[in-house]
Enquirer: 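Sharing a structure below in structure tokens format, with a few things to ask.
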Number of protein chains: 2
Amino acid sequence: MVTMKDVADHAGVSIATVSFVVNGTKPVTPATRERIESSMAELGYRRNAVARALASRRTRILALAYPVLERPLSTASVEFFTSAAAAASVRGYHLVIWPVSNDGRELAELVGQRLVDGVLLMEVQLDDPRVAVLESSGTPFALIGRTRDITGICHVDIDFEATLHQAIDHLTGLGHRRLALVLGGKGERGYRTYGPFVRTAAAFEQARIERDIDGRTVEVTWSDDPESLARQVFGEEDAGGPTAALVLNDHTALRLVTGARRTGRRVPGDVSILGLSAAPETGTLSDPPLTLMRTPGPELGHLGAEALIRMLEAEDPLPPRLVPCTFEPGQSTGPRP
Amino acid sequence: MVTMKDVADHAGVSIATVSFVVNGTKPVTPATRERIESSMAELGYRRNAVARALASRRTRILALAYPVLERPLSTASVEFFTSAAAAASVRGYHLVIWPVSNDGRELAELVGQRLVDGVLLMEVQLDDPRVAVLESSGTPFALIGRTRDITGICHVDIDFEATLHQAIDHLTGLGHRRLALVLGGKGERGYRTYGPFVRTAAAFEQARIERDIDGRTVEVTWSDDPESLARQVFGEEDAGGPTAALVLNDHTALRLVTGARRTGRRVPGDVSILGLSAAPETGTLSDPPLTLMRTPGPELGHLGAEALIRMLEAEDPLPPRLVPCTFEPGQSTGPRP
DNA sequence: CTGAAAGCGCTTACAG
DNA sequence: CTGAAAGCGCTTACAG
């Protein structure tokens with residue numbers, strides 16, 4: 001392995017000077033800089049990341065901590081992983097992925113190793129023990145999501161309120177007044193304290209009051225079959241039930257489209273179905289293609305990594321950001337029958 | 001930060017002795033071991049991963065390198081990421097994810113930093129420049145996939161031949177003789193040299209000859225709509241076309257089910273559709289639920305990480321493994337009409 | 001069984 | 001602008 005010492009010897013300078021040109025930390029005369037640079041090129045020198053980390057007390061490694069869940073991570077999560085990694089990479093950072101338990105024990109163990117400069121926390125619960133672990137360990141961190149009290153904590157999240165309102169606007173614009181909010185994932189651990197569910201449900205309650213909407217909230221499980229989903233959402237009755245459903249969770253939305261059709265409801269002739277927070281490629285999977293609000297997975301991954309890096313680099317902080325999902329037209333919503 | 005020196009002072013021993021008990025590398029008398037252990041507990045000592053890495057010349061970090069693609073990574077890829085990370089974690093390793101270009105330049109840059117002990121390479125092409133980079137850099141690596149000449153290279157992959165044969169067995173058992181192999185992803189960069197496509201297509205050719213099957217191969221793109229897919233696969237004709245389709249790529253399989261129905265074909269009354277290599281949860285998304293071969297994403301992630309770690313730990317090597325997809329019954333396949 | 005010491009490959013005050 | 005040297009927190013021969 002070619003070390004800084006080899007380069008220094010080859011160029012006839014001290015290793016300090018080599019370090020200065022590698023890092024650009026101190027002025028060096030053009031002549032010696034050139035000598036060093038050509039030595040580096042000739043010898044094929046590459047700075048050792050580990051030695052640099054130890055000496056500078058900064059590893060330039062970020063951790064993406066995600067809880068081990070019963071349900072598989074969504075497509076949005078992959079986008080999230082890869083976009084966070086890409087954003088980190090642009091800044092010269094690495095991203096390690098840490099599967100950790102919800103209680104924070106493993107996380108405490110891992111941050112204690114001092115391998116990472118900061119942590120990005122995914123799938124945040126309203127009262128998340130892992131946040132306390134990070135705070136008490138003094139590790140810089142950013143949340144993807146929000147705890148109940150988010151004051152002073154660096155975070156990015158989906159703007160569930162804005163997303164829901166935009167979705168409702170779309171449906172009321174089509175004449176719908178009786179809406180169902182469908183929450184997938186009932187019975188799962190942490191379901192009742194999972195931010196996206198709680199915040200969307202709260203916003204729906206609010207909208208119901210403020211916007212003169214007849215709304216009901218339906219909680220369903222992962223294992224409900226399509227027909228059962230459709231019956232739970234639209235009811236057995238022929239009339240008086242919801243004419244449109246807003247579905248949090250793309251998998252559930254797709255199955256609901258199937259279920260509606262199988263139970264004799266035309267989509268969107270009889271009922272409209274709209275996916276709240278889904279990956280865009282999901283839309284084409286249903287028949288008719290699902291109208292949906294696209295989850296800003298890549299944006300959140302990028303923003304989260306960037307916010308954390310700014311803290312670490314002591315740059316201007318990125319203010320907390322709430323990013324709404326964006327409307328993606330499909331054919332599963334239409335005028336009220 | 002509590003260092004080994006702090007522990008040594010507190011316990012009244014040398015740091016070498018502390019290191020011996022932390023690592024279990026040398027025998028230490030029970031008495032002093034206990035003293036050291038209680039000192040560690042009292043002070044809350046945790047070994048610094050970076051210092052250990054530098055001194056031991058092993059970082060215990062693995063990289064998962066994946067190419068930046070046009071298409072989003074599949075659900076199987078997430079399973080892959082997380083299971084590789086979990087397997088690494090069990091062995092005391094960390095996993096960093098590296099988005100790298102296909103040409104191998106970025107990869108060369110990254111391995112040069114010596115941050116990782118080994119690399120796991122995903123989405124391997126038949127002639128992959130990144131493999132040459134890894135070989136010439138002397139970095140231990142394992143492939144998820146196979147290059148054209150795989151001799152002596154540590155790898156794990158899907159057993160496409162076995163998977164295809166099992167799928168064909170299922171369909172011929174139902175009486176089908178006219179089969180279509182559908183390959184999604186036409187026109188994508190690297191499509192023609194992407195292992196899964198090439199190997200499945202070759203195995204299909206082979207099967208066609210050996211098993212007295214009337215087969216056709218249909219290549220389709222990501223953007224083909226469902227109806228177009230169905231027409232390309234099953235033809236315009238009323239009779240004489242394929243009665244069953246094997247579809248490589250779950251997204252395409254789901255759209256084909258929709259397309260078949262929309263073009264007036266009953267599934268599985270008129271045509272059978274089987275997904276080759278798909279995530280199990282995908283099955284329930286179509287109507288009827290897709291019969292599919294489940295991609296062994298978690299198994300491959302686990303095996304890949306384990307194989308690499310065994311190389312690094314100089315343990316008994318894990319032999320190359322080809323893992324077939326497993327049959328998941330659905331309702332999209334049935335007897336030949 | 002235990003310790004003193006060299007060394008991993010860098011960064012960074014401190015001098016000059 | 002450049003260098004000598006301490007130091008980051010460990011591991012690991014080498015002695016004893």
Side-chain angles (χ1 to χ4, degrees), chain A residues 1-37 39-40 43-61 92 94 111-117 312-314, chain B residues 1-37 39-40 43-61 92 94 111-117 312-314:
Chain A
M1 180 199 286
V2 182
T3 70
M4 214 168 240
K5 175 124 189 16
D6 298 327
V7 175
D9 290 349
H10 189 270
V13 296
S14 75
I15 59 165
T17 308
V18 177
S19 176
F20 298 153
V21 348
V22 168
N23 297 299
T25 36
K26 291 216 177 158
V28 173
T29 46
T32 91
R33 166 188 305 280
E34 264 168 38
R35 239 184 21 259
I36 291 171
E37 278 170 349
S39 291
M40 291 199 294
L43 300 176
Y45 171 74
R46 282 208 241 279
R47 175 175 53 192
N48 183 295
V50 177
R52 175 159 104 125
L54 184 59
S56 66
R57 252 147 293 194
R58 297 183 40 203
T59 64
R60 288 160 187 86
I61 303 176
H94 294 268
V111 299
Q113 296 182 205
R114 315 253 88 173
L115 181 72
V116 307
D117 291 340
L312 298 173
E313 301 278 338
Chain B
M1 180 198 287
V2 182
T3 70
M4 214 167 240
K5 173 120 190 18
D6 298 326
V7 176
D9 290 349
H10 188 270
V13 295
S14 74
I15 61 163
T17 308
V18 177
S19 176
F20 299 152
V21 347
V22 168
N23 297 300
T25 36
K26 292 216 176 158
V28 173
T29 46
T32 90
R33 165 187 305 281
E34 264 169 38
R35 234 179 31 255
I36 291 170
E37 278 171 348
S39 290
M40 292 199 294
L43 300 176
Y45 172 72
R46 282 206 241 280
R47 175 175 52 192
N48 183 295
V50 178
R52 174 155 97 126
L54 184 59
S56 66
R57 254 145 291 194
R58 295 182 41 202
T59 64
R60 288 160 186 88
I61 303 176
H94 293 270
V111 298
Q113 296 182 206
R114 314 254 88 173
L115 181 73
V116 307
D117 292 340
L312 298 172
E313 300 278 339

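Below, read A as the first sequence line, B as the second, and so on, with proteins coming before strands; counting in each chain starts at 1. Note that this is a predicted model, so its numbers are computed, not measured. Values reported hereafter were calculated over all heavy atoms of this structure, with side chains retained and with hydrogens, waters and symmetry mates removed.
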Enquirer: Taking the side chain as C-beta and beyond, is there a heavy-atom pair between A/Ile36 and A/Phe20 under 4.5 Å?
Expert: no

Enquirer: Taking the side chain as C-beta and beyond, is there a heavy-atom pair between B/Glu313 and B/Arg58 under 4.5 Å?
Expert: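 Contact flag for B/Glu313/B/Arg58 side chains = yes.
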
Enquirer: Base, sugar-phosphate, or nothing for A/Thr25, non-hydrogen atoms under 4.0 angstrom?
Expert: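 No contact.
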
Enquirer: So what does the secondary structure string of DNA chain C come out as, 5' to 3', with Watson-Crick or wobble pairs under 3.5 angstrom, [ ] for crossing and | for pairs with another strand?
Expert: |||.||||||||.|||

Enquirer: Could you work out, with side chain to side chain donor-acceptor pair (under 3.5 Å) as the rule, every residue matching B/Asn48, not counting sequence neighbours?
Expert: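 Once residues adjacent in sequence are excluded, B/Asn48 has no partner under the side chain to side chain donor-acceptor pair (under 3.5 Å) criterion.
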
Enquirer: Regarding B/Ser19, tell me which of base, sugar-phosphate or nothing describes its non-hydrogen contacts under 4.0 Å with the strands shown.
Expert: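 The residue B/Ser19 makes base contact.
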
Enquirer: Restricting both atoms to N or O, compile the protein contacts to nucleotides 3-6 of chain D shorter than 3.5 Å, with distance only.
Expert:
from	atom 1	to	atom 2	distance (Å)
D/dG3	OP2	A/Ser14	N	3.0
D/dG3	OP2	A/Ser14	OG	3.3
D/dG3	OP2	A/Thr17	OG1	2.7

Enquirer: Does A/Thr3 put a side-chain nitrogen or oxygen below 4.0 Å from OP1 or OP2 of C/dC8?
Expert: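 It does not, given that no N or O in the side chain of A/Thr3 lies less than 4.0 Å from OP1 or OP2 of C/dC8.
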
Enquirer: Does the side chain of A/His94 come within less than 4.5 Å of A/Arg60's, by heavy atoms?
Expert: no

Enquirer: Any residue in residues 45-61 of chain A with a heavy atom nearer than 4.0 angstrom to DNA chain D? Just list them by number, or reply none.
Expert: A/Leu54, A/Ala55, A/Arg57

Enquirer: Quick one: side chain to side chain donor-acceptor pair (under 3.5 Å) partners of B/Thr32, sequence neighbours excluded?
Expert: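 Applying side chain to side chain donor-acceptor pair (under 3.5 Å) to B/Thr32 gives none.
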
Enquirer: Output side-chain donor-acceptor pairs under 3.5 Å for residues 23-30 of chain B, partner residues at least two apart or in another chain, one line each.
Expert:
from	atom 1	to	atom 2	distance (Å)
B/Asn23	OD1	B/Arg47	NH1	2.4
B/Asn23	ND2	B/Ser19	O	3.0
B/Asn23	ND2	B/Ser19	OG	3.2

